[in-house]
Amino acid sequence: MAVVPLRDGVSGKSRLATALDPRARRRLVATLARHVVGVLAAAPLVDAVVVVTADVPFTRETLAGLTPSGQGGIAPVTVVEQPADRPGLNAAVDVGRESAVALGAGRLLVAHADLPLLTTEDVAAVLAAGGLGRDAVVVATDRHDGGTNLLLLPLDAGVGFGFRFGTGSRAAHVAEAERAGLRAAVLHRPGTAADLDTLDDWAQLPAGVRERLHDGVGLPLT
Ligand SMILES: Nc1nc2c(ncn2[C@@H]2O[C@H](COP(=O)(O)OP(=O)(O)OP(=O)(O)O)[C@@H](O)[C@H]2O)c(=O)[nH]1
Ligand SMILES: C=C(OP(=O)(O)O)C(=O)O
């Protein structure tokens, strides 16, 4: 099962606040989230996608047409509300893990909602890196190799694994896997590594992707 934490329609993408007004940031967050959730829902071996958010109306609006009654995805997409007394990214992922355990999932794939180059092949590569025994934690890093953009966790063996998203999370997740007695595999692919947090990230994207995202968002094309 896949879990996508999604902040809300107002505070997200704060590192782009100097370049984009709140409305444009909201549109960008929505466009990126729709892409990631659509890719996950269409990826082989992903049987369900859960989006965990404190902003349910924004998320539902963002994902309209990607839900099972729509035509976007194969796997069902559901929105789970993040309780106000459990704020923050790691708590959101914990909420997602609880949903996955309740649904009897064997593995949890966490994916950030801001990966414009992510493809179904990338998702398949993350799942394959989990190994034949499906026993490895997979950390797909960001382009600086310091963070974690996607994380695959075996749920039975990984009961004690603590999520450590934030600065330096690649090393923290590898250490956490070792602590929990699990093998860790680190994956670096263009489609998993490109997250969009800063103007520098924007400048690194292929021109065609920037053109696609530019409409309605207004980031500079060059
Ligand atoms: N549910 C939930 N998701 C979060 C939270 N913080 C971050 N996320 C999500 O986690 C992923 C990674 O987010 P970040 O890159 O750390 O934050 P961001 O909002 O995209 O950008 P910044 O505001 O610049 O940090 C994205 O999918 C965010 O929407 C949170 O407090 N709750
Ligand atoms: C949350 C993370 O990164 P960023 O905030 O840079 O997306 C992370 O890499 O764990």
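Order of appearance sets the numbers: ligands from 1, and atoms from 1 within every ligand. Keep in mind it's a predicted model, so treat the numbers as computed, not measured.
- Counting heavy atoms closer than 4.0 Å to ligand 1, residue Pro5 contributes atoms from both its backbone and its side chain.
- Annotation: Thr148 places an N or O atom under 3.5 Å from an N or O atom of ligand 2; distance criterion only.
- For Gly12, no nitrogen or oxygen atom sits less than 3.5 Å from a nitrogen or oxygen atom of ligand 1, counting backbone and side chain alike.
- Residue His144 does not touch ligand 2, judged by heavy-atom distances below 4.0 Å.
- Residue Thr141 is tested with His188, Arg170, His173 for a side chain to side chain donor-acceptor pair (under 3.5 Å); the sole match is His188.
- Taking atom 10 (O) of ligand 2 as the reference point, the nearest protein heavy-atom neighbour is Ser169 OG, 2.6 Å.
- Taking the six-membered ring where tryptophan is involved, the planes of Phe163 and Phe165 are essentially parallel, since the angle between them stays under 30° and well short of 60°.
- The proximity of Asp195 to ligand 2, defined as any non-hydrogen pair under 4.0 Å, is limited to the side chain.
- When non-hydrogen atoms are compared, ligand 2 lies under 4.0 Å from neither the backbone nor the side chain of Asn149.
- Counting heavy atoms under 4.0 Å from ligand 1, residue Lys13 touches it through both backbone and side chain.
- Atom OG1 of Thr59 sits about 12.5 Å away from atom CZ of Arg34, to the nearest 0.5 Å.
- Residue contacts with ligand 2: Asp142 is placed with no nitrogen or oxygen under 3.5 Å of a nitrogen or oxygen of the ligand (distance criterion only).
- The distance from ligand 2 to the heavy atoms of Phe165 drops below 4.0 Å at these ligand atoms: 10 (O).
- Interface of Ala113 with ligand 1, defined as ligand atoms under 4.0 Å from a residue heavy atom, comprises 26 (C), 27 (O).
- How far CG of Leu117 is from CG of Asp195: 10.0 Å, rounded to the nearest 0.5 Å.
- A donor-acceptor pair is defined here as one N or O able to donate and one able to accept, closer than 3.5 Å; no such pair exists between the side chain of Thr53 and the backbone of Val56.
- Checked options Asp201, Asp197, Asp200; the residue passing with Arg15 is Asp197 (criterion: salt bridge (charged side-chain N to carboxylate O under 4.0 Å, His left out)).
- Counting the atoms of ligand 1 from 1 in the order shown, those under 4.0 Å from a heavy atom of Asp197 are 15 (O), 20 (O), 21 (O).
- In terms of protein heavy-atom proximity, atom 12 (C) of ligand 1 is closest to His112 ND1, 3.4 Å.
- Looking from atom 2 (C) of ligand 2 to the surrounding protein, the closest heavy atom is His112 CE1, 3.7 Å.
- Remark: ligand 2 atoms within the under-4.0 Å shell around heavy atoms of Gly147 are 9 (O).
- The distance from ligand 1 to the heavy atoms of Leu6 drops below 4.0 Å at these ligand atoms: 1 (N), 2 (C), 3 (N), 29 (O).
- Residue contact check for ligand 1: Gly88 places a non-hydrogen atom closer than 4.0 Å to it.
- At a heavy-atom distance under 4.0 Å, no atom of Val4 approaches ligand 1.
- Less than 4.0 angstrom separates atom 19 (O) of ligand 1 from at least one non-hydrogen atom of the protein.
- From Arg97, atom CZ reaches atom CE of Met1 across 11.5 Å, with rounding to the nearest 0.5 Å.
- Nearest heavy atoms, Ala194 versus Pro116: O-CD, 3.4 Å.
- Looking at Gly166 next to ligand 2, an N or O pair under 3.5 Å apart turns up.
- Taken to the nearest 0.5 Å, the OG1 atom of Thr62 stands 12.0 Å off from the CZ atom of Arg27.
- Those atoms of ligand 1 that come under 4.0 Å of a heavy atom in Arg15, given as number and element, are 14 (P), 15 (O), 16 (O), 21 (O), 22 (P), 24 (O), 25 (O).
- Side chain of Thr120 to backbone of Ala42: no donor-acceptor contact under 3.5 angstrom is found.
- Val49 and Leu63 fall within the same hydrophobic cluster, defined by Ile, Leu, Val, Met, Phe, Trp and Tyr side-chain heavy atoms under 4.5 Å apart, directly or through other members.
- Shown here is Arg86, whose CZ atom has more than 12 heavy atoms of other residues, nucleotides or ligands within 6.0 Å.
- If you take CZ on Arg107 and CG on Leu45, they are separated by 7.5 Å, rounding to the nearest 0.5 Å.
- Closest to atom 7 (O) of ligand 2 among all protein heavy atoms lies Asp197 OD2, 3.1 Å.
- Protein heavy atom nearest atom 10 (O) of ligand 1, with residue, atom name and distance: Leu89 CD1, 3.2 Å.
- With hydrogens and angles disregarded, no donor-acceptor distance shorter than 3.5 Å links the side chain of Asp8 to the backbone of Asp55.
- Near Leu89, the atoms of ligand 2 lying under 4.0 angstrom from a non-hydrogen atom of the residue are 1 (C).
- The protein non-hydrogen atom at the shortest distance from atom 17 (O) of ligand 1 is Arg7 NH1, 3.9 Å.
- Near Val52, with a cut-off below 4.0 Å to any heavy atom, the atoms of ligand 1 are 1 (N).
- An N or O contact shorter than 3.5 Å is missing between Asp114 and ligand 2 by distance.
- Considering backbone and side-chain atoms together, Gln82 places an N or O closer than 3.5 Å to an N or O of ligand 1.
- In summary, the atoms of ligand 1 found under 4.0 Å from a heavy atom of Asp114, numbered by their order in the structure, are 15 (O), 20 (O).
- No donor-acceptor distance shorter than 3.5 angstrom exists from the side chain of Asp122 to the backbone of Val126, with no hydrogens or angles considered.
- A donor-acceptor pair is defined here as one N or O able to donate and one able to accept, closer than 3.5 Å; such a pair exists between the side chain of Asn149 and the backbone of Thr192.
- In this structure, Leu155 CG and Arg134 CZ are separated by 11.5 Å, a value rounded to the nearest 0.5 Å.
- Considering backbone and side-chain atoms alike, Arg15 places an N or O below 3.5 Å from some N or O of ligand 2.
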